[in-house]
Amino acid sequence: SAKSDVYAWGVCMWEVLAQSEPHAALSAAELVALQQTNRLPALAVPPAVPPPLHSLLHDCWRSAPAARPTAAELDSRLQLVQDALALLPA
């Protein structure tokens, strides 16, 4: 679904930012069990991630798909993040 795509985008973005594999310490069986019981631990966003992007990632990972941003909202919010980053000193 579109909402699962938004969730997946958030995880892919986390992988790029963290330069790591999500839940790398867990086995495949543990991941499946935790996911099926909705107890998968939240990913820790790296501290250097700007607050607007940090917030967007967490919104993408909301457990209720209806609470996640739409693709259009994701696009709009990414533009805001890009604009905010452009204002930062080099």
Side-chain angles (χ1 to χ4, degrees):
S1 73
K3 295 294 186 161
S4 63
D5 290 345
V6 167
Y7 182 93
W9 178 88
V11 173
C12 289
M13 182 58 66
W14 179 90
E15 288 180 284
V16 169
L17 296 167
Q19 299 180 359
S20 182
E21 184 178 328
H23 310 296
L26 300 173
S27 71
E30 290 171 318
L31 280 171
V32 169
L34 289 169
Q35 195 271 337
Q36 288 177 337
T37 58
N38 202 25
R39 295 183 302 130
L40 197 60
L43 296 171
V45 178
V49 172
L53 184 54
H54 186 279
S55 174
L56 179 56
L57 291 175
H58 279 282
D59 288 348
C60 290
W61 301 329
R62 291 186 183 269
S63 58
R68 297 176 196 151
T70 64
E73 291 168 340
L74 181 59
D75 182 55
S76 295
R77 288 180 64 186
L78 281 172
Q79 184 62 52
L80 293 173
V81 169
Q82 182 179 2
D83 293 347
L85 292 176
L87 297 175
L88 294 176

Open item on the list: Testing the basics here: between R62 and A67, what is the closest heavy-atom pair and its distance to 0.1 Å?
Closed with: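 Residues R62 and A67, closest heavy atoms: CD-O, 3.3 Å.
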TODO: Could you pull out the closest heavy-atom pair between C60 and G10, with the gap in Å?
DONE: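 Residues C60 and G10, closest heavy atoms: CB-CA, 4.2 Å.
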Open item on the list: Test side-chain hydrogen bond (donor to acceptor under 3.5 Å, both in side chains) on Q79 and D75; report intermediate values, then the result.
Closed with: CA-CA 6 Å; Q79 184 62 52; D75 182 55; over 6 Å; no
TODO: Would you indicate whether the side-chain heavy atoms of P22 and E15 approach each other to under 4.5 Å?
DONE: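 SC-SC contact between E15 and P22 confirmed.
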- [ ] Decide yes or no for P65 and S1: does some side-chain heavy atom of the first lie under 4.5 Å from some side-chain heavy atom of the second?
- [x]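 Answer no - side chains too far apart.
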Open item on the list: Quick test of your reading: applying salt bridge (charged side-chain N to carboxylate O under 4.0 Å, His left out), list the pairs with at least one residue in residues 16-34, sequence neighbours left out, ordered by first then second residue.
Closed with: none
Would you tabulate the side-chain donor-acceptor contacts of residues 35-57 under 3.5 Å, counting partners in other chains and residues two or more places apart, or write 'none'?
unit_1: T37; atom_1: OG1; unit_2: A33; atom_2: O; d: 3.0
unit_1: T37; atom_1: OG1; unit_2: L34; atom_2: O; d: 3.3
unit_1: T37; atom_1: OG1; unit_2: R39; atom_2: NE; d: 3.0

What's the spacing between [X] [atom1] and [Y] [atom2] if we round to 0.5 Å?
{"X": "R77", "Y": "Q82", "atom1": "CZ", "atom2": "CD", "result": "15.5 Å"}
{"X": "Q19", "Y": "W14", "atom1": "CD", "atom2": "CH2", "result": "10.5 Å"}
{"X": "L78", "Y": "W9", "atom1": "CG", "atom2": "CH2", "result": "4.5 Å"}
{"X": "L85", "Y": "L80", "atom1": "CG", "atom2": "CG", "result": "11.0 Å"}

Open item on the list: Just to verify, what does R68 make a salt bridge (Lys or Arg N to Asp or Glu O under 4.0 Å) with, not counting sequence neighbours?
Closed with: none
Task: In one Ile/Leu/Val/Met/Phe/Trp/Tyr side-chain cluster, 4.5 Å: Y7, L26 - done: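 Shared cluster, yes.
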